[in-house]
Amino acid sequence: MGEIIKVGLLGIVGVLLAVQFKGQKPEYGIYMGFAVGILIFCYVLRQVEAVVAQLDLIQTYLGGASSYLSILLKVIGITYICEFSAGICKDAGYGAIADQIEILGKLSVMFAGLPILFAVIDQIQSFMG
């Protein structure tokens with residue numbers, strides 16, 4: 001819980017600094033927001049390492065279905081990267097590019113999840129046939 005508070009405070013301080021710089025030189029505000037975003041992203045990557053270690057333990061219990069876990073991790077990565085990129089683009093004033101990144105993320109998640117859909121369809125067909 002303390003780590004979440006630290007990240008929240010980092011974000012708030014970063015935004016306050018960016019607002020201060022934005023009044024004088026708007027590009028500095030964007031750079032400041034980008035730098036704080038990168039710091040938070042690096043922190044999240046450290047946390048992901050801990051989650052992946054726990055998921056490795058879960059994978060031993062899944063046996064042959066461990067490919068579903070890798071799909072889950074891929075989808076989580078896609079959504080985080082797309083949200084992060086789109087947020088930076090929106091902050092910089094490029095909403096149209098942010099929207100395109102979000103669409104790409106949604107399509108990528110859909111395509112990444114297709115193997116699970118096919119597995120469900122196969123299971124349904126095996127029950128009916």
Side-chain angles (χ1 to χ4, degrees):
M1 182 71 167
E3 295 170 353
I4 295 172
I5 292 171
K6 288 178 189 176
V7 170
L9 288 175
L10 174 65
I12 291 169
V13 169
V15 167
L16 291 175
L17 285 172
V19 168
Q20 289 295 322
F21 283 115
K22 201 171 194 175
Q24 299 166 354
K25 295 225 174 195
E27 63 272 7
Y28 289 163
I30 293 170
Y31 297 148
M32 184 67 68
F34 185 70
V36 170
I38 292 293
L39 286 174
I40 293 173
F41 184 75
C42 290
Y43 174 78
V44 168
L45 286 179
R46 277 197 355 233
Q47 297 301 316
V48 167
E49 289 175 357
V51 170
V52 168
Q54 293 298 315
L55 289 176
D56 285 340
L57 180 63
I58 292 171
Q59 191 170 11
T60 61
Y61 296 118
L62 290 176
S66 63
S67 63
Y68 299 136
L69 197 56
S70 66
I71 292 172
L72 176 66
L73 287 174
K74 187 183 297 185
V75 166
I76 290 170
I78 289 168
T79 55
Y80 189 78
I81 290 169
C82 288
E83 282 293 316
F84 181 74
S85 303
I88 289 174
C89 290
K90 284 180 183 174
D91 286 347
Y94 294 96
I97 294 173
D99 291 341
Q100 295 301 314
I101 291 172
E102 289 173 351
I103 289 171
L104 172 69
K106 291 172 185 174
L107 289 172
S108 297
V109 165
M110 184 181 74
F111 286 125
L114 282 178
I116 295 174
L117 177 63
F118 291 140
V120 169
I121 292 170
D122 286 342
Q123 286 287 58
I124 292 170
Q125 284 181 341
S126 68
F127 289 133
M128 298 181 113

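Model, not experiment: these values are computed from the prediction.
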Please answer: with hydrophobic residues joined when any side-chain heavy atoms are less than 4.5 Å apart, are [X] and [Y] in the same cluster?
X      : Y      : result
Val15  : Val7   : no
Leu10  : Ile12  : no
Ile78  : Ile116 : yes
Phe127 : Ile121 : no
Phe111 : Leu72  : no

Original post:
Is the closest side-chain heavy-atom distance between Asp91 and Ile30 below 4.5 Å?
Top reply: no
Subject >> Sub-4.5 Å side-chain heavy-atom contact between Met110 and Leu107 >> reply: yes
At their closest point, which heavy atom of [X] faces which heavy atom of [Y], and how far apart are they?
X      : Y      : value
Gly14  : Val36  : CA-CG2, 3.5 Å
Ala112 : Lys74  : CB-CD, 4.2 Å
Gly33  : Ala18  : N-CB, 4.4 Å
Cys89  : Ile101 : SG-CD1, 3.8 Å
Phe34  : Ile88  : CD1-CD1, 3.3 Å
Ala98  : Ala86  : CB-O, 3.4 Å

Original post:
Roughly how far, to the nearest 0.5 Å, is CG of Leu45 from CD of Gln47?
Top reply: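 The distance works out to 10.0 Å.
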Original post:
Out of curiosity, Phe41 CZ to Ile38 CD1, how far, rounded to the nearest 0.5 Å?
Top reply: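 Going from the CZ atom of Phe41 to the CD1 atom of Ile38 covers 7.0 Å.
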Original post:
Does Tyr31 OH have over 12 foreign heavy atoms under 6.0 Å away?
Top reply: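 For Tyr31, atom OH is not crowded (no more than 12 foreign heavy atoms under 6.0 Å).
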Original post:
In this structure, are over 12 heavy atoms from other groups packed under 6.0 Å from Tyr28 atom OH?
Top reply: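 Count not over threshold, so no.
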**OP:** Name all pairs fulfilling the salt bridge (charged side-chain N to carboxylate O under 4.0 Å, His left out) condition that reach into residues 25-54, sequence neighbours left out, sorted by first residue then second.
**Re:** none
Original post:
Can you name the residues that form a salt bridge (Lys or Arg N to Asp or Glu O under 4.0 Å) with Lys90, not counting sequence neighbours?
Top reply: Glu102
